[in-house]
There are 2 protein chains.
Amino acid sequence: MQRRFLVGIDLGGTNCRMALVDGQGRVCRRERFSSRDFDHVDGLMAKIEVICREFEIAVRGAGGEIVALGAGVPGLVDYQGKVMVAPNLSWLNGVDFSARLAELGQWSVRVINDANAIAWGEHAWGAVRDNSSFLAVTLGTGVGGGLVLGGRLWVGSDGAAGEFGHVVVEPDGRPCRCGSRGCLEQYASATGILRSVREELVQGRRSSLESLDADALTALAVGRAAREGDALALDVLNEAGRRLGQGLAMIANVLNPEAVVICGGVSLSLDLMRPSLDGELSRRAFEVSARRLRIVAGELGDDAGILGAAHIAGCTDALWP
Amino acid sequence: MQRRFLVGIDLGGTNCRMALVDGQGRVCRRERFSSRDFDHVDGLMAKIEVICREFEIAVRGAGGEIVALGAGVPGLVDYQGKVMVAPNLSWLNGVDFSARLAELGQWSVRVINDANAIAWGEHAWGAVRDNSSFLAVTLGTGVGGGLVLGGRLWVGSDGAAGEFGHVVVEPDGRPCRCGSRGCLEQYASATGILRSVREELVQGRRSSLESLDADALTALAVGRAAREGDALALDVLNEAGRRLGQGLAMIANVLNPEAVVICGGVSLSLDLMRPSLDGELSRRAFEVSARRLRIVAGELGDDAGILGAAHIAGCTDALWP
């Protein structure tokens with residue numbers, strides 16, 4: 001029998017990454033190019049095709065075949081893999097990206113939202129491989145989410161499920177780009193954490209973060225300062241953890257899932273956020289649901305999305321409804 | 001072929017109601033007795049058995065048979081139908097109620113949480129019969145919830161899913177019996193609405209509700225006063241609607257379901273709450289999810305739970321996970 005390979009595409013607003021993945025979730029080859037070089041889907045498709053051909057040659061040399069091609073896209077993707085809205089890649093709006101990818105070869109194809117791809121990656125080969133119901137939370141520039149229930153990705157009626165970043169944690173809180181106020185994203189994302197730092201500094205609190213210029217003041221730097229004992233940095237991460245715990249209590253009460261996997265850059269500070277997160281969770285969630293909820297950091301890092309897109313493309317019945 | 005009948009049990013903290021139901025969801029016979037007469041499951045089982053025998057005799061007379069027996073219980077019920085905790089019927093704690101009901105006859109049996117039974121009833125024969133993904137919200141003394149996703153009841157890992165009443169809508173708000181603060185239940189339940197009325201009256205606002213004594217001051221009376229133009233009553237229902245809209249926005253963003261069905265006594269005032277509910281929903285939820293969400297009042301009234309328990313007992317694969 002031929003060895004079976006998968007191809008994953010992680011289409012970001014800035015970069016597009018592609019990987020050839022084997023049946024055990026190992027990346028065999030990678031390619032990366034700028035998404036900003038394109039202003040139409042045709043240009044992107046030409047580039048993807050060239051890379052697929054290269055992958056195919058490599059795979060045939062190893063006596064194998066590519067059986068599935070999956071892509072994660074930063075936007076709203078319907079159940080059939082059509083991109084409804086992609087705010088940072090507006091030329092993809094309305095494109096049946098799944099159909100376009102299917103033209104490239106005799107493989108099964110799936111296009112999903114990028115946060116859903118991350119969720120599926122951690123399910124297939126990562127931190128929640130033993131869990132059939134969980135929320136994946138991505139803490140990055142924004143806060144995203146992907147929901148797996150009963151072993152399948154719950155994408156919702158329009159593919160719009162999983163927007164955990166826009167759970168309200170403070171009804172009259174910080175205005176959010178979504179039009180609401182006090183969304184979790186405004187407190188627990190990298191952007192939210194930096195905003196909290198700046199608000200504290202403006203109020204005259206002292207911190208080692210004062211000395212950093214705008215470029216160096218990142219969520220990673222806040223985590224580093226907290227580890228070195230900086231009180232302001234610790235307070236800000238506590239607050240982010242508390243808000244995250246409030247949101248997760250809601251998920252525990254409404255869905256009673258087995259696990260939550262925290263991914264994205266800010267998840268590197270998860271250990272620092274855990275005390276306040278756990279405190280809020282136990283205060284707000286029903287005991288049985290809070291006790292059940294296993295909270296873990298993602299294991300696949302930046303590869304979660306690419307691996308998830310590749311894996312889910314080879315699965316039938318992986319999506320709800 | 002024999003006509004097939006179902007039996008539904010709605011076991012409340014005060015009363016237990018039983019009904020014989022035909023295949024079209026029509027109640028053919030009813031019985032009602034006090035749950036307070038019992039302090040052990042054996043007594044309850046003896047009473048249920050007597051009624052089941054009466055139902056069997058009636059059914060045989062009509063040339064039919066009873067094929068399923070289902071019960072809704074006010075508490076935490078696991079996936080197999082064991083009652084984990086029933087706060088108001090503590091003698092049921094730890095009882096495998098499903099196994100006990102199965103001893104009574106050759107029928108399929110299912111025991112579920114009472115809010116889930118209401119959700120399933122409205123799905124089987126009520127307001128959301130055409131929807132495969134929805135939240136049922138019960139606005140009564142408390143606020144309960146039942147979640148149907150992909151045509152199946154999502155009960156969660158421990159049977160504890162659907163606790164929509166304990167979504168936090170005001171982080172430092174009114175203390176809740178669950179140990180958290182600012183739960184939706186504290187604002188949108190009958191109890192919450194009456195608390196809001198009392199708070200307003202204490203602050204010196206005038207209202208036709210002032211003249212009512214404690215027994216007469218009910219959520220129904222608040223609805224009646226609002227319809228007669230009482231400003232305080234209208235404000236309080238607006239506030240309840242606003243809080244409910246905030247919670248539903250969260251459901252829309254996280255689950256993107258097709259519908260929400262509002263049940264329970266307070267749902268009789270749903271039309272009065274709709275303007276503020278809709279306003280909050282459109283302000284807080286993503287457009288595609290808000291547009292999708294059909295919000296309707298339940299159609300089955302007090303029979304939703306009994307009908308849902310009866311119907312789901314005859315279904316295989318009706319529960320997740």
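Residue numbers begin at 1 in each chain, while the letters A, B, ... track the order of the sequences.
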For the candidates B:Val288, B:Asp158, B:Val167, which exhibits the highest count of non-hydrogen atom pairs separated by less than 4.5 Å from chain A?
B:Asp158

Applying a strict 4.5 Å limit to non-hydrogen atoms, the region of B:Val85 in contact with chain A is neither

What heavy-atom pair brings B:Asn256 and A:Ala160 nearest, and what distance separates the two atoms?
OD1-N, 3.1 Å

Measure the spacing between CD of B:Glu258 and OG of A:Ser157 and express it to the nearest 0.5 Å.
4.5 Å

For B:Leu147, is it the side chain, the backbone, both or neither that has a heavy atom under 4.5 Å from a heavy atom of chain A?
side chain

If you count heavy-atom pairs under 4.5 Å with chain A, which of B:Met250, B:Glu280, B:Glu287 comes out on top?
B:Met250

What is the distance from atom CG of B:Asn253 to atom CZ of A:Phe164, rounded to the nearest 0.5 Å?
11.5 Å

When rounded to the nearest 0.5 Å, the distance separating CD of B:Glu170 from CG of A:Asp172 is 7.0 Å

Between A:Ser289, A:Gly179, A:Pro171, who has the most heavy-atom pairs with chain B when the cutoff is under 4.5 Å?
A:Pro171

Are the side chains of A:Trp320 and B:Leu149 in contact, using a 4.5 Å heavy-atom criterion?
no

State the NE2-CZ distance between B:His166 and A:Arg284, to the nearest 0.5 angstrom.
13.0 Å

With a 4.5 Å limit on heavy-atom distance, are the side chains of B:Glu163 and A:Val254 in contact?
no

Measuring only between side-chain heavy atoms, which start at C-beta, is A:Arg283 closer than 4.5 Å to B:Ser180?
no

At a heavy-atom separation under 4.5 Å, does B:Pro257 approach chain A through its side chain, its backbone, both, or neither?
backbone

